[in-house]
Engineer: 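Handing you a structure now.
As a basis for the values below, the full set of heavy atoms in this structure was taken, side chains included, without hydrogen atoms, waters or symmetry mates.
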Amino acid sequence: MDVTEQFLQNDCSFNGIQPLILPMPYPPIRAREENQFYANLLTLDYCGSVSELTAIAQYIHGESRLCCSRCEIAKTIMSMAMAEMMHLQKLGEMILLLGGSIDFSYKTRMGSEMWTPRYANLSTGEAQIISAGVRSEREAIAQYQEHIGMIEDDYVNALLKRIIQDEEYHIMILQMIKL
């Protein structure tokens, strides 16, 4: 059997895959007022080294590595990537509402830096893919918590807290995966 036949035989269809999020709503995208500092801070969560964009790239890579051998795990990882896409979209709306811009660069006091795929952990082994996911989720939670401590807008913080709940859920799911 050639590689193409083997791939077709192991059809890892993603029909019906849904984002892996908690079954609760996200808060409305609102802010007390425009705030460039908050907008710039959220660009780190949007597309910094620890960010939703990085998580999406990392999960898509992991899914691609596992789809031919571990279809159910690949589907779970794809569901997580979809959840991270939702987070990216919500953060983008919030950044714009706060008066910022979204161009896949994060803003710092020293200027801006473009997102790069070098930020993603491109592990190849099953265990490494899962452990990199757990590590990335923990880093994201820590960064969100740090940002919550710096932001004095309950609307913005409500969104970040809701995203944290999904990230904690992802950790729980990843830790339950049997390799």
Side-chain angles (χ1 to χ4, degrees), residues 19-21 26-66 77-125 127-171 173-174:
L20 190 58
I21 59 173
Y26 289 92
I29 304 299
R30 296 177 58 191
R32 295 275 171 217
E33 60 189 10
E34 284 193 5
N35 186 309
Q36 193 64 56
F37 174 73
Y38 296 168
N40 289 348
L41 199 57
L42 294 183
T43 63
L44 290 167
D45 302 316
Y46 187 80
C47 64
S49 60
V50 175
S51 69
E52 298 299 334
L53 187 58
T54 299
I56 293 164
Q58 185 169 308
Y59 281 137
I60 294 295
H61 170 79
E63 178 278 324
S64 296
R65 298 294 303 191
L66 298 174
I77 291 173
M78 178 60 80
S79 292
M80 288 182 191
M82 292 170 70
E84 306 301 356
M85 289 176 204
M86 290 176 62
H87 298 163
L88 183 77
Q89 184 272 333
K90 292 186 179 310
L91 286 170
E93 282 187 25
M94 184 65 79
I95 290 165
L96 293 173
L97 185 64
L98 289 165
S101 63
I102 51 173
D103 56 7
F104 298 111
S105 68
Y106 57 94
K107 285 45 170 194
T108 67
R109 285 182 230 134
M110 307 302 284
S112 65
E113 294 285 329
M114 290 296 294
W115 181 84
T116 174
R118 289 190 309 267
Y119 295 152
N121 182 317
L122 303 179
S123 297
T124 57
Q128 294 83 9
I129 290 168
I130 301 306
S131 64
V134 170
R135 190 169 44 256
S136 296
E137 297 286 0
R138 287 184 177 144
E139 290 171 355
I141 290 167
Q143 182 168 286
Y144 281 127
Q145 289 171 333
E146 180 182 344
H147 291 174
I148 289 168
M150 300 168 75
I151 294 172
E152 295 178 5
D153 183 319
D154 52 331
Y155 295 123
V156 177
N157 284 338
L159 175 63
L160 300 183
K161 288 175 183 177
R162 175 59 185 85
I163 291 172
I164 286 173
Q165 292 175 310
D166 285 341
E167 308 301 19
E168 290 171 337
Y169 184 50
H170 293 168
I171 291 171
I173 298 297
L174 287 166

Engineer: Side-chain contact test, heavy atoms from C-beta onward, threshold under 4.5 Å: evaluate it for Phe37 versus Met150 and give yes or no.
Structural biologist: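 Yes. Closest side-chain heavy atoms under 4.5 Å.
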
Engineer: Output, in order, the C-alpha distance, side-chain angles, deciding distance and verdict of side-chain contact (heavy atoms from CB on, under 4.5 Å) for Ile56 and Leu88.
Structural biologist: CA-CA 9 Å; Ile56 293 164; Leu88 183 77; 3.9 Å; yes

Engineer: Please answer whether the main-chain N or O of Gly100 pairs with a side-chain N or O of Tyr38 as donor and acceptor at a distance below 3.5 Å.
Structural biologist: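 Checking the backbone N and O of Gly100 against the side chain of Tyr38, no donor-acceptor pair under 3.5 Å is found.
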
Engineer: Would you mind telling me which of Met94, Arg32, Arg30 makes a side-chain contact (heavy atoms from CB on, under 4.5 Å) with Val156?
Structural biologist: Met94

Engineer: Quick one: closest heavy-atom pair of Ala55 and Glu84, and the distance?
Structural biologist: CB-CG, 3.8 Å

Engineer: Is a side-chain donor-acceptor pair under 3.5 Å present for Glu113 with Thr108?
Structural biologist: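 On atom types as modelled, these side chains do not qualify, holding no pair under 3.5 Å.
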
Engineer: Rounded to the nearest 0.5 Å, what's the gap from CD on Gln89 to CD1 on Ile29? Could you check?
Structural biologist: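 Here the interatomic distance stands at 7.0 Å.
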
Engineer: Ile141 and side-chain contact (heavy atoms from CB on, under 4.5 Å): which partner among His170, Glu146, Glu168?
Structural biologist: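 Option passing the side-chain contact (heavy atoms from CB on, under 4.5 Å) with Ile141: Glu168.
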
Engineer: Where do Thr43 and Leu91 land on the side-chain contact (heavy atoms from CB on, under 4.5 Å) test, with the steps shown first?
Structural biologist: CA-CA 8 Å; Thr43 63; Leu91 286 170; over 6 Å; no

Engineer: Would a 4.5 Å heavy-atom cut-off, applied to side chains only, mark Glu63 and Ile129 as touching?
Structural biologist: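 Result no, sub-4.5 Å side-chain heavy-atom pair not found.
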
Engineer: Could you tell me which residues satisfy side-chain hydrogen bond (donor to acceptor under 3.5 Å, both in side chains) with Asp103, sequence neighbours excluded, listed by chain and number?
Structural biologist: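 Here the qualifying residues are Ser105, Lys107.
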
Engineer: How about Arg138 and Ile171: do any of their side-chain heavy atoms sit closer than 4.5 Å?
Structural biologist: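 Answer yes - side chains close enough.
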
Engineer: Arg135: which residues meet the salt bridge (Lys or Arg N to Asp or Glu O under 4.0 Å) condition with it, sequence neighbours left out?
Structural biologist: none

Engineer: Taking all heavy atoms of Leu53 and all of Cys47, pick out the closest pair and write down the distance.
Structural biologist: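 It is CD2-CB, 4.0 Å.
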
Engineer: Distance from Asp45 atom CG to Tyr144 atom OH, nearest 0.5 Å?
Structural biologist: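 So the CG of Asp45 and the OH of Tyr144 are separated by 4.5 Å.
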
Engineer: For Glu139 and Gln143, does a side-chain donor sit closer than 3.5 Å to a side-chain acceptor?
Structural biologist: no

Engineer: CZ/Arg65 to OG1/Thr124 distance, rounded to the nearest 0.5 angstrom?
Structural biologist: 5.0 Å

Engineer: Does Lys90 make a cation-pi contact with Tyr26 (under 6.0 Å, within 45 degrees of the axis)?
Structural biologist: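 The answer is yes, since Lys90 meets both limits relative to Tyr26.
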
Engineer: Can you find a heavy atom in the side chain of Leu42 that is under 4.5 Å from one in the side chain of Ile151?
Structural biologist: yes

Engineer: Rounded to the nearest 0.5 Å, how far apart are CD of Glu93 and CD1 of Ile102?
Structural biologist: 9.0 Å

Engineer: Say you draw a straight line from CD of Gln36 to CD1 of Ile95; how long is it, rounded to the nearest 0.5 Å?
Structural biologist: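 Output value for this atom pair is 10.0 Å.
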
Engineer: Could you check whether any side-chain heavy atom of Tyr106 comes within less than 4.5 Å of a side-chain heavy atom of Ser112, counting everything from C-beta outward?
Structural biologist: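 Heavy-atom side-chain distance check fails, nothing below 4.5 Å.
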
Engineer: For residues Leu159 and Pro27, determine if any side-chain heavy atom of one lies less than 4.5 Å from a side-chain heavy atom of the other.
Structural biologist: yes

Engineer: Using every non-hydrogen atom in the two residues, find where Gln58 and Gly133 come nearest and quote the distance to one decimal.
Structural biologist: NE2-N, 3.8 Å

Engineer: Test side-chain contact (heavy atoms from CB on, under 4.5 Å) on Met80 and Leu174 and set out the steps.
Structural biologist: CA-CA 10 Å; Met80 288 182 191; Leu174 287 166; 3.6 Å; yes

Engineer: Atom CG in Asn35, atom CG in Leu97: separation rounded to 0.5 Å?
Structural biologist: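 CG of Leu97 is found 11.0 Å from CG of Asn35.
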
Engineer: Any side-chain heavy atom of Met78 within less than 4.5 Å of one from Ile60?
Structural biologist: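 Contact flag for Met78/Ile60 side chains = yes.
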
Engineer: Give the C-alpha distance, both sets of side-chain angles, the deciding distance and a yes or no for side-chain contact (heavy atoms from CB on, under 4.5 Å) between Ile164 and Gln145.
Structural biologist: CA-CA 8 Å; Ile164 286 173; Gln145 289 171 333; 3.8 Å; yes

Engineer: Taking only residues two or more places apart in sequence or in another chain, which ones pass ring pair (Phe, Tyr, Trp, His ring centres under 6.0 Å) with Tyr46?
Structural biologist: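 Ring pair (Phe, Tyr, Trp, His ring centres under 6.0 Å) check on Tyr46 returns Phe104.
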
Engineer: How close do Ala31 and Tyr155 get, heavy atom to heavy atom, and via which atoms?
Structural biologist: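 Of all heavy-atom pairs spanning Ala31 and Tyr155, the closest is C-CD1, 3.9 Å.
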
Engineer: What's the shortest heavy-atom distance between Ile163 and Glu52, and which atoms?
Structural biologist: CG2-OE2, 3.7 Å

Engineer: Within the 4.5 Å heavy-atom criterion, are Leu98 and Asn40 side-chain neighbours or not?
Structural biologist: no

Engineer: Looking only at heavy atoms, which two atoms of Ser123 and His61 are closest? And how far apart?
Structural biologist: O-NE2, 3.0 Å

